[in-house]
Colleague: 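Here it is: the structure, laid out below.
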Amino acid sequence: MMHPIVLEDLQEILSSPLDWQRFRGKTVLVTGANGCLPSCMVETLLQLNKDAGMQCRVIGLVRNLDRARQRFSDYLDCPELSFIVGDVAKEIVIPERCDFIIHAASQASPKYYGPDPVGTMTANLMGTCHLLELARIWGSEGFLFLSSGEVYGQVQADKIPTSENDYGFIDLLNPRSCYAESKRAAETLVASYVQQFKLPAVIVRPFHTYGPGMAVDDGRVYADFVNDVVLKRNIILRSDGTAVRAFCYLSDGVKAFFTILLNGQPGEAYNSGNPDAVCSIAELAETLTSLFPDWNLGVQRLGTPTAGYLPSPVSISIPNVDRLKALGWKARYSVEEGFARTIRYYSERQHGPV
């Protein structure tokens with residue numbers, strides 16, 4: 001059975017005043033479909049089929065079929081959903097033309113791109129190249145590239161909140177830069193296909209998006225915190241906690257992604273995030289432990305990073321989303337509301353009703 005919070009999130013996304021009819025009878029390829037953000041996009045399209053009879057076919061490109069079957073266990077009998085196992089960094093064979101491509105395959109956590117910078121770069125660069133070429137050959141009507149707010153690097157203080165043209169410093173020879181630099185280069189490749197081949201491709205730069213379906217063991221600090229609270233143990237703060245981030249709940253983020261795919265201007269990049277849901281890492285820890293007072297949780301400050309962790313050099317990361325708002329998007333959930341929903345989702349799956 002689908003969790004009620006997930007169903008509410010899908011209904012919230014589909015309530016956006018978008019031209020959902022564009023997906024009627026179309027085929028959509030979603031790469032990295034097992035990931036938190038793209039999997040929610042897949043579920044949104046399948047829910048759209050259920051609610052409106054769109055007959056939209058969804059092809060999920062994944063690297064692990066067993067994980068895909070587990071992630072989409074509620075939809076295995078759905079004839080509109082199919083999977084292809086492959087690596088976007090290599091030539092992939094898609095058996096049919098796709099009208100839309102959502103390219104989200106990427107190692108997005110330092111836990112994964114730290115030990116594999118080469119694999120991270122090839123997925124972002126070669127994968128994007130392969131998919132853009134397929135879109136060109138097919139004459140696809142929409143292409144969405146999920147980039148990252150990491151492309152901005154270390155911006156000047158007067159550029160925070162950060163607009164789409166406010167680029168900062170990135171150390172090219174720091175292995176942690178494998179992610180941000182390859183996303184930057186992939187964006188340039190997208191813009192080049194738009195200019196040279198008139199491909200209707202757009203770019204989204206997500207900022208710190210979380211929610212049901214995220215991997216709570218992927219090494220990102222907010223995922224670690226959620227996992228601690230779900231397990232009813234104190235949060236261990238392994239830094240000084242002064243870094244400031246804008247946190248965006250999953251349904252707000254996915255609403256943004258579909259808004260950009262359907263309404264964005266080809267060749268443009270759009271920030272996706274919630275500049276009204278901002279706090280430091282220490283404040284986030286305190287907030288999460290206070291959401292369920294009966295659990296009597298607290299924050300332990302160790303200040304010692306986990307072995308092998310690659311810290312971000314960015315102290316403050318907040319997007320300016322005026323360009324996205326001009327397309328008709330707005331966020332709904334605060335830090336407290338979004339994380340309460342996320343924790344309740346994982347807790348109820350493990351322990352029953354909260």
Side-chain angles (χ1 to χ4, degrees), residues 10 13-14 16-35 37-62 68 72 75 78-88 91-106 127-147 186-187 189-204 253-270 272 327-329:
L10 297 179
I13 295 164
L14 289 170
S16 298
L18 299 173
D19 185 8
W20 296 104
Q21 290 290 333
R22 287 182 60 188
F23 293 115
R24 182 174 294 279
K26 302 298 176 63
T27 300
V28 182
L29 172 65
V30 182
T31 72
N34 283 337
L37 308 186
S39 66
C40 187
M41 297 190 78
V42 170
E43 287 186 291
T44 300
L45 292 171
L46 297 177
Q47 188 66 36
L48 181 65
N49 283 341
K50 182 177 180 181
D51 292 349
M54 287 293 183
Q55 297 183 312
C56 173
R57 296 198 61 244
V58 182
I59 301 173
L61 180 67
V62 299
F72 297 99
Y75 305 95
C78 177
E80 293 90 3
L81 176 65
S82 61
F83 299 107
I84 294 175
V85 177
D87 182 349
V88 292
E91 292 286 348
I92 51 177
V93 177
I94 308 297
E96 60 186 286
R97 177 187 179 276
C98 296
D99 302 284
F100 292 90
I101 296 176
I102 298 167
H103 178 28
S106 185
T128 303
C129 184
H130 293 153
L131 292 162
L132 286 167
E133 187 60 16
L134 285 177
R136 184 190 68 81
I137 293 170
W138 287 333
S140 299
E141 65 178 271
F143 185 106
L144 176 67
F145 174 57
L146 270 70
S147 183
E187 285 196 21
L189 190 58
V190 171
S192 298
Y193 264 78
V194 172
Q195 189 275 328
Q196 187 169 345
F197 302 113
K198 310 304 179 188
L199 196 71
V202 287
I203 299 161
V204 60
V254 173
K255 282 194 297 184
F257 303 162
F258 278 112
T259 298
I260 294 163
L261 174 61
L262 295 175
N263 293 348
Q265 291 297 311
E268 289 283 1
Y270 297 83
S272 167
L327 299 181
W329 174 90

Colleague: Could you give the distance from CD1 (I84) to OG1 (T31), rounded to the nearest 0.5 Å?
Modeller: 11.5 Å
Colleague: Is any side-chain heavy atom of L134 closer than 4.5 Å to one of C98?
Modeller: no
Colleague: I'd like to know if the side chain of N49 and the backbone of C56 have a donor-acceptor N/O pair within less than 3.5 Å.
Modeller: yes
Colleague: Using every non-hydrogen atom in the two residues, find where L48 and M54 come nearest and quote the distance to one decimal.
Modeller: CG-CG, 3.5 Å
Colleague: If you measure from CG on L61 to CD1 on I102, what distance do you get to the nearest 0.5 Å?
Modeller: 12.5 Å
Colleague: Would you say S147's side chain and I203's backbone share a donor-acceptor pair under 3.5 angstrom?
Modeller: no
Colleague: Can a donor-acceptor pair be found, under 3.5 Å and without considering hydrogens, that links the side chain of R97 to the backbone of G139?
Modeller: yes
Colleague: Is the Y193 to F143 ring centre distance short of 6.0 Å?
Modeller: no
Colleague: When you compare the side chain of I101 with that of W138, does any pair of heavy atoms fall below 4.5 Å?
Modeller: yes
Colleague: For a 4.5 angstrom cut-off between non-hydrogen side-chain atoms, does V58 reach E80?
Modeller: no
Colleague: L131 and V88: which non-hydrogen atoms are nearest, and at how many Å?
Modeller: CD1-CG1, 4.3 Å
Colleague: To the nearest 0.5 Å, what is the distance between CD (E133) and CZ (F197)?
Modeller: 6.5 Å
Colleague: Using 30° and 60° as the class boundaries, would you call the ring planes of F23 and F258 parallel, tilted or perpendicular?
Modeller: perpendicular
Colleague: For Q55, I'd like to know if atom CD has over 12 heavy atoms of other residues, nucleotides or ligands within 6.0 Å.
Modeller: no
Colleague: Checking side-chain contact (heavy atoms from CB on, under 4.5 Å) for the pair V254/E43: CA distance, chi angles, key distance, verdict?
Modeller: CA-CA 11 Å; V254 173; E43 287 186 291; over 6 Å; no
Colleague: Quick one: pull up CG in D51 and CG in L10 and give me the separation to the nearest 0.5 Å.
Modeller: 9.0 Å
Colleague: Determine whether I13 and C40 satisfy the following criterion, side-chain contact (heavy atoms from CB on, under 4.5 Å), listing intermediate values before the conclusion.
Modeller: CA-CA 10 Å; I13 295 164; C40 187; 3.8 Å; yes
Colleague: Just so I know, are the side chains of M41 and V28 near enough to count as touching, which here means a heavy-atom distance under 4.5 Å?
Modeller: no
Colleague: Which pair of heavy atoms, one from S39 and one from G35, lies closest together, and at what distance?
Modeller: OG-O, 2.7 Å
Colleague: Compare all side-chain heavy atoms of L261 with those of V204 and state whether any distance is below 4.5 angstrom.
Modeller: no
Colleague: Spell out, as yes or no, whether a donor-acceptor pair under 3.5 Å connects the side chain of H103 to the backbone of F145.
Modeller: no
Colleague: In Å, rounded to the nearest 0.5 Å, how long is the span from CG of N263 to CZ of R22?
Modeller: 8.0 Å
Colleague: Check for a donor-acceptor pair, side chain of Y270 on one end and backbone N or O of Q265 on the other, with a separation under 3.5 Å.
Modeller: yes
Colleague: Keeping the roles fixed (side chain from T27, backbone from R57), state whether a donor-acceptor pair exists under 3.5 Å.
Modeller: no
Colleague: State, yes or no, whether a side-chain contact exists between S106 and L146 at a heavy-atom distance under 4.5 Å.
Modeller: no
Colleague: Once rounded to the nearest 0.5 Å, what's the spacing between atom CG of L327 and atom OG of S16?
Modeller: 12.0 Å
Colleague: If I compare all heavy atoms of F257 with all of S272, which pair ends up nearest, and what's the gap?
Modeller: CE2-OG, 3.6 Å
Colleague: Taking all atoms of both residues into account, what is the closest heavy-atom pair of P38 and V30, and its distance?
Modeller: CB-CG1, 3.7 Å
Colleague: Locate the shortest heavy-atom distance separating A68 from N34; write the atom from each residue and the value.
Modeller: CA-OD1, 3.0 Å
